[in-house]
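Notes to accompany the following structure.
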Amino acid sequence: MENKKKWWKEAVIYQIYPRSFKDSNGDGIGDLAGIVSELDYIVSLGVNAVWMNPVYLSPGCDNGYDISDFRAIQPEYGTMEDMRRLIDELHVRKIRLVMDMVLNHTSDEHAWFRQARGSRDNPYYSYYHWWPAEKGEPPHRCGFFDAAGKGWQYNKATNSYYLHYFAAGQPDLNWENPEVRRQLYDMLRFWLDMGVDGLRMDAICFISKDVDWPEISPQLLKEKYHGDWGHYYAAGPRLHEYLREMNEAVLSKYDVTAIAEAAGISSDQALLFVGEDRKEMDMLYHFEGVAIGYIPGEFKKVDASRYHLNEWKEVYTRWNDALKEKGWGTVYLGNHDQPRMVSRWGDDSEVFREASAKLLLTFLLTMRGTPFIYNGDELGMTNIRFEKIADYQDIETRQMYQNLTDKGGDAEGFLKDQQLTGRDNSRTPFQWTAGPNAGFTSGQPWIRVNANHSVINREKQEEEKGSVLNYFREMVRLRKENAVLVYGDYELLLPEHPAIYAYTRGYEGRVWTVLLNFSNTEQGCVVGGREVTLGAYEAVILR
Ligand code: TEU
Ligand code: CA
C-alpha cells in the first residue's frame, strides 16, 4: 500500500538538550545563542529537523518540564528574540524546528496555579484537579517524582489535595474544563504562528483523567494495567476526544507535525493515535523498546543479561507491523529520559564502543519510521555513571533515592542500577573538544562533564575518516538518498538467530538487506542462499 509522502516521514530528527549543548556566556548552562553558534555543525550532520527540549519560563524542578509561563523564555536560555533568531536561522538552512509542548501539567508557580491554590472560589481553581479533604484521604495515585510516591498534594488554603502525576511542583491541568483547553490551544497558535514546524507532545497520553476517581488497588493495577501506573494514566476516558478536538481546532490549520510521547501505550492502540483517518497525531514514540530488559515491578532495574535480542526483534517488529498500512512510527534508542544509547544497548568498553555505536546508528537509520537521534549519540558518548546521590541533579533519581532510604530499601543497589539507566547519564555536557569542560562552557558546568571527553569528542572525530560521527553522516545521507530506507516495507529475517538481527527493506522492486551482529564475537548466517560472516558488532547493508 502506498504510504502518503510527507516531509516528517523523510526527516531525520536531531534532539538537542539545550541545557547541555553549548553555553555561550560562561554561566555553565547551555542556551539558545549557544545552539545558534553551532548551526554549521548541525547542518553538517545532514539532519533536517531539530527537536529541542523545553526552554520556557520555569522554576526548573524538572529541568523545564515544569512551566510557569508558556509564552516566555527562561532567562538562562536567552530571550524571545534569541528564540525567533533560532527559528529563522534554522529555516534559512532548511531545518525544521520541533518544540517540546507540555500540556499535561504546569509548574506550581504558573499564574493559573498561584490563583487556583488561593481559594476554592477562584475561577482558576477548576484549572486543576482537586480532592476536597472533608471527603477524607484521596484514592491512591502514583506521583512519579514524589519522594513518598504520592500523586496528591495537600494544600492548606483550600483544604484540598491537588493531583500531580509527576512532582508536587507539576500540578496536572484539568482538561475537563473547556477554558483550559481553549487557553492551551491559543498558546499552541502563538508558537505555530511564530513558525514552529512540529510539536513533541510531552506526556500527552495522560491528559484525560477518570474524574470519578475510582480506587485503583495494586491488584487491579496488575491485572488491567501491567502493574504500571503509566498504563492506567494513559487510559483516560476522554483522551481521544481531546486529541481530535486539538487537531481540529489547531493542528489541522497549520503545516505542522505532532508527535505523541506515548508512555503507557501498547502496540494494539497505536493506530488510535496516528491512523491517518483518526486526525489526532502524526507520529508517536513508544516505551516498549527502551523498557526491554527492565525487571517487572522494579524501578529501572535491568537484569544481569541486560537484554535478549529476540525480545528486541519481537518488540520492534510488532510495532512496525502495527503501523505498516496506516499511520507512522518513530525509532529511537536514547533521549533525555534515557541513558546513553551505547552504554545501554551496545558495549561502551574501549574495544567495542565505536563498533557498537555504529551498529546502533545503522539500526536507527535503516528501520521504518522516523529516526530520532539524541545529541551526543552521534559521537558515541557514554554514561557518566555517577557514584554518589549528590552527583545527581535529576529529580527522578533524587526522589526515588529518598523514597527508598525512607523505607529502608536497597539504596546502594538503586545507585548501581542508576549507573546503567539513570536519566542524568545522557544530560551531561556535549563533548565538543578534549579541552577544559569539553568545550561546552568557559564557566562551571551545571552538571559534571564526562572525563572521557579527552577521548570522545567532536573535534577528534572530525579528523578521523572512520569516526562514529562521520559514519553517522554517511548513514544519514544514505537514508536521504534512498527512498527504500524511508518508505520501504520492513520484513524480519532469521527470527531465531540469537545474535544477528536481520531484516529487509523493500520498495519499488528494490530489496535491501540489513544484517546487525549484536554480539562481541564473530557470527555467521545464511541470507538469500548466501553465507555471511559478521565480525563483532558488525553492521552490513546488502543492496
Ligand atoms: O516524560 C514522561 C514519561 O512518561 C516518562 O519519561 C516517565 O516520566 C519516566 O520515564 C518515568 O520513569 C516526560 C519528559 O520527557 C520528562 O523529561 C519529564 O520529566 C516528564 O515528562 C514530566 O514532564
Ligand atoms: Ca549560558
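Atoms within a ligand are numbered from 1 in the order they appear, just like the ligands themselves. Here the structure is a predicted model, which is why all the values come from computation and not from measurement.
Aromatic pair Tyr332/Trp51: ring centres not closer than 6.0 Å. Tyr232 and Tyr225 have their aromatic ring centers within a separation under 6.0 angstrom.
Distances below 4.0 Å separate heavy atoms of His336 from the following atoms of ligand 1: 14 (C), 15 (O), 16 (C), 17 (O). For ligand 1 and Lys300, the ligand atoms under 4.0 Å from any heavy atom of the residue are 10 (O), 12 (O). When each atom of ligand 1 is checked for a heavy atom of Phe145 under 4.0 Å away, the hits are 8 (O), 19 (O). Remark: ligand 1 atoms within the under-4.0 Å shell around heavy atoms of Arg200 are 14 (C), 15 (O). Atoms of ligand 1 found under 4.0 Å from any heavy atom of Arg423 (numbered from 1 in listed order, with element): 16 (C), 17 (O), 18 (C), 19 (O). Using a 4.0 Å cut-off to heavy atoms of His105, the atoms of ligand 1 that qualify are 22 (C), 23 (O).
Contacts of His308 classified as ring pair (Phe, Tyr, Trp, His ring centres under 6.0 Å), with partners at least two apart in sequence or in another chain: none.
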Pair Phe166-Phe145, ring pair (Phe, Tyr, Trp, His ring centres under 6.0 Å): steps then yes or no: CA-CA 5 Å; Phe166 295 92; Phe145 304 158; 5.4 Å; yes
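Protein heavy atom in closest approach to atom 14 (C) of ligand 1: Asp202 OD1, 2.9 Å. Scanning the protein heavy atoms around atom 15 (O) of ligand 1, the nearest turns out to be Asp337 OD2, 2.4 Å. What sits closest to atom 4 (O) of ligand 1 on the protein, heavy atoms only, is Ala263 CB, 3.5 Å. Of all protein heavy atoms, the one closest to atom 7 (C) of ligand 1 is Phe166 CE2, 4.3 Å. If you check which protein heavy atom lies closest to atom 3 (C) of ligand 1, you get Glu261 OE2, 3.6 Å. At the shortest separation from atom 18 (C) of ligand 1 among protein heavy atoms lies Asp62 OD2, 3.3 Å. Of all protein heavy atoms, the one lying nearest to atom 9 (C) of ligand 1 is Glu396 OE2, 3.5 Å. The shortest contact between atom 5 (C) of ligand 1 and any protein heavy atom is with Phe287 CE2, 3.8 Å.
Counted by atom type alone, Trp328 and Thr370 present one or more donor-acceptor pairs between their side chains at under 3.5 Å.
By the 6.0 Å and 45° rule, Arg238 does not stack over the aromatic ring of Trp175.
Of the options Tyr374, Trp432, Tyr77, Phe440, a ring-ring contact (aromatic ring centres under 6.0 Å, His included) to Phe21 is made by Trp432 and by none of the others.
Ring geometry for Tyr128 against Phe113 counts as perpendicular: the plane angle is over 60°, on a 0 to 90° scale with 30° as the lower cut. By the 30° and 60° cut-offs, the orientation of the rings of His110 relative to Phe70 is tilted. Ring geometry for Tyr316 versus His286: interplanar angle of 30 to 60°, hence tilted. Between Tyr285 and Phe287, the two ring planes are parallel [angle under 30°; tilted spans 30° to 60°].
Using a 4.5 Å cut-off on side-chain heavy atoms (C-beta onward), Ile259 and Phe372 make contact. Gln153 is not listed as a side-chain neighbour of Asp108, based on a closest heavy-atom distance of 4.5 Å or more.
Neither the backbone nor the side chain of Met400 comes within contact range of ligand 1; no heavy atom lies under 4.0 Å.
By the criterion of a separation under 3.0 Å, the protein N/O/S atoms near the Ca ion (ligand 2) amount to Asp23 OD1, Asn25 OD1, Asp27 OD1, Ile29 O, Asp31 OD2.
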